[in-house]
Each structure stands twice: as structure tokens, then as C-alpha cells.
Amino acid sequence: MMEHIELFFKSIFIDNMVFAVFLGMCSYLAVSKKVATAVGLGAAVIFVLAITVPLNWLLDQYILQPGALSWLGAEYVDYDLSFLSFIMFIATIATMVQLVEIVVEKFSPSLYNSLGIFLPLIAVNCAILGGSLFMQSREIETLGLAFNYGISSGIGWFLAILAIAAIREKIRYSNVPAPLRGLGITFIITGLMGIGFLSFGGMLTGGDEEAPKEETTTEVKTLSVDKKELANNTKIVE
């Protein structure tokens, strides 16, 4: 249970797709002018990540990894299909994006029109592919953790685009210098938000630094005691 909670908060705040590794910046900058549009795209990203990361985990575990085809028989143990990872992952993502596009067009035509070309471009959004590749490189152990990672990564991206959209709506009424209006001030705000999110790194690592200090103190005390004993023994010999 603690493993799921740790992965959830770490994926949202510490390893945020936008502020930690700057993935998905094209959609983040282009579709963050209005909160309503940002919410729609963010929800679509959460849905796609929540489905594609577990599916790609299954593909990786049972098809792509070296020896993953052993369930088909002993003669398939030596097969290595890891070179197909990118193709298989992108095919899964493209399929889910098409499903999302059909659903959004059917039930929310206004949102579909406001998102425009950026809805189908989720298929080539590096944040979506990055979620599956990070899942693979970090060797997430179970399907439940993969599902957790997909949802939490999507929520992190959703929070990022929602926050910048809310700020950009308000900043229209501010007296921003002419050279910085538009993307200029957006980049500056994104950088400041990224610095702010770095402070969340102490959530899971803050208590780990105390143990080495205590060990060092113990070693220093032991060394000082040994020096005193050595000095006393020298006096006795003299």
C-alpha cells in the first residue's frame, strides 16, 4: 500500500511530466489559454495514460522483453523482441487516442472544436510515450503499479496545464511588458513553477539524510575514545 502511495505522489509532484522532465510542452503551451480547454485536454491525457501504460506494461512483460515469450513454449525462450518497443507502444497509444477523439466528438463537439488539431496530436505527445518508456526503464513490477503510474502521471500533467491556464487567463489583465507578452511570460511562469515543484523533492527524501549523520557522529566518538586509550597505554608503558 505504501508503495502505491509513494509512487502516486512522486509521479504527480516530484517527477511531474512538465516541470521535472519538460515533456508534452507543445500541447501545454498551445492549449493553455483557457481553463475549460485545458481541463478537457488534461482529462483526455489522464485517460490515455491510464489505459496505455498498463497495456504497454503487459506487452513489455509478455511479448517484448528477452525471454518474455516463454509462455508460448520452451522453443521461444531465446526470442528478443525489445526492438519493437517503440512501434508497439505508439500503436497502442494511437489506438486509444482515436477512441478518445471519437468519444469527444460525439459527446462534446464544442470541446472537440476548441482542441482542434491538438486532440489527435496526443498520439505523438511525448508525455504519453514518455509515460510508457519511463514505466519500462524503471522496471515497474506489477500491473497495479503500472496503472497507478499512468493515472498519477496524467494527473501531474493535468495539474500543470490547469495551473498555467488559470494564470494565463488572469495575466491578460496585468500590465506585462510588450516584449514578454504571450509565450515569453508563459515560459517565465513555467520556469518559476518548475522551481517551486522542486521543493516537493523533500517529501520522500527528507528523512533519509539523518541516518548518515548519526553514523558519522558515532564514528568520530569511537575514534576519540580510541585515541584516549592509546594515550593512556603510552603513559603506562613509559
Side-chain angles (χ1 to χ4, degrees), residues 1-28 41-72 76-77 79-101 103 118-162 194 197-198 200-201 203-205 208:
M1 185 63 182
M2 285 302 299
E3 190 177 4
H4 282 272
I5 296 174
E6 181 179 346
L7 179 63
F8 183 80
F9 284 104
K10 187 176 182 181
S11 302
I12 294 176
F13 297 106
I14 301 173
D15 295 332
N16 187 284
M17 285 288 188
V18 174
F19 300 128
V21 289
F22 297 100
L23 293 181
M25 294 297 292
C26 51
S27 303
Y28 168 83
L41 184 63
V45 167
I46 292 175
F47 176 78
V48 173
L49 276 172
I51 301 298
T52 56
V53 172
L55 284 179
N56 287 333
W57 184 89
L58 291 172
L59 288 175
D60 185 56
Q61 291 292 318
Y62 296 104
I63 295 178
L64 300 175
Q65 286 186 6
L69 294 175
S70 58
W71 56 276
L72 290 176
Y76 296 97
V77 172
Y79 281 74
D80 182 5
L81 301 179
S82 57
F83 64 94
L84 295 175
S85 294
F86 281 90
I87 297 175
M88 298 291 285
F89 288 175
I90 292 174
T92 304
I93 292 168
T95 303
M96 294 311 304
V97 169
Q98 288 298 313
L99 177 61
V100 170
E101 187 177 1
V103 172
F118 291 98
L119 184 58
L121 280 181
I122 295 177
V124 291
N125 189 332
C126 49
I128 306 296
L129 180 59
S132 295
L133 293 178
F134 285 148
M135 171 274 300
Q136 185 185 46
S137 63
R138 294 173 184 176
E139 298 180 352
I140 291 180
E141 298 178 354
T142 65
L143 180 62
L145 285 173
F147 180 69
N148 184 348
Y149 181 70
I151 290 181
S152 54
S153 298
I155 292 174
W157 198 90
F158 172 82
L159 289 178
I161 194 173
L162 180 63
F197 267 68
L198 287 176
F200 290 112
M203 289 174 59
L204 302 177
T205 60
D208 297 338

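Quick caveat: nothing in here was measured; it's all calculated off a predicted structure.
Residues meeting the ring-ring contact (aromatic ring centres under 6.0 Å, His included) test with F197, sequence neighbours left out: F19, F200. In this structure F158 satisfies the side chain to side chain contact (heavy atoms under 4.5 Å, CB included) test together with V39, I46, L162, sequence neighbours excluded. Take Y76 and apply the ring-ring contact (aromatic ring centres under 6.0 Å, His included) test, not counting sequence neighbours, and it matches Y79. Partners of D60 by salt bridge (Lys or Arg N to Asp or Glu O under 4.0 Å), not counting sequence neighbours: none found.
Looking at S85, its side chain does come within 3.5 Å of a backbone N or O of S82 through a donor-acceptor pair. A side-chain donor-acceptor contact under 3.5 Å links S70 to the backbone of G67.
Distance CD/Q61 to CD/Q136: 9.5 Å, rounded to 0.5 Å. Interatomic distance, CD1 of I93 versus CD of Q98, reported as 13.0 Å (0.5 Å rounding). Between the CG atom in L23 and the CE atom in M25 there is a gap of 9.5 Å [rounded to 0.5 Å]. One distance of note links CZ of F47 with CD1 of I151; it measures 11.0 Å at 0.5 Å rounding. Put simply, NZ on K10 and OH on Y149 are 9.5 Å apart, with the number rounded to the nearest 0.5 Å. With rounding to the nearest 0.5 angstrom, the OG atom of S152 is 11.0 Å from the NE2 atom of H4.
Between I128 and F89, the closest side-chain pair of non-hydrogen atoms is not below 4.5 Å. Looking at heavy atoms from C-beta onward, D15 lies out of side-chain contact with F134 at the 4.5 angstrom threshold. Contact check for I14 versus F9: no side-chain heavy atoms found under the 4.5 Å cut-off. A heavy-atom distance below 4.5 Å is found between the side chains of F8 and I155.
When all heavy atoms of M135 and A146 are compared, the pair lying nearest together is CG-CB, 4.5 Å.
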Considering only distance and modelled atom types, tabulate donor-acceptor pairs under 3.5 Å from the side chains of residues 51-58, sequence neighbours left out.
residue	atom	partner	partner atom	Å
T52	OG1	V48	O	2.7
N56	OD1	T92	OG1	3.3
N56	ND2	T52	O	3.2
N56	ND2	S132	OG	2.7
W57	NE1	I140	O	2.8

Side chains of residues 119-127: which donor-acceptor partners sit under 3.5 Å, not counting sequence neighbours?
residue	atom	partner	partner atom	Å
N125	OD1	A127	N	2.9

Evaluate I63 against L81 for side-chain contact (heavy atoms from CB on, under 4.5 Å), listing each step before the verdict.
CA-CA 7 Å; I63 295 178; L81 301 179; 4.0 Å; yes
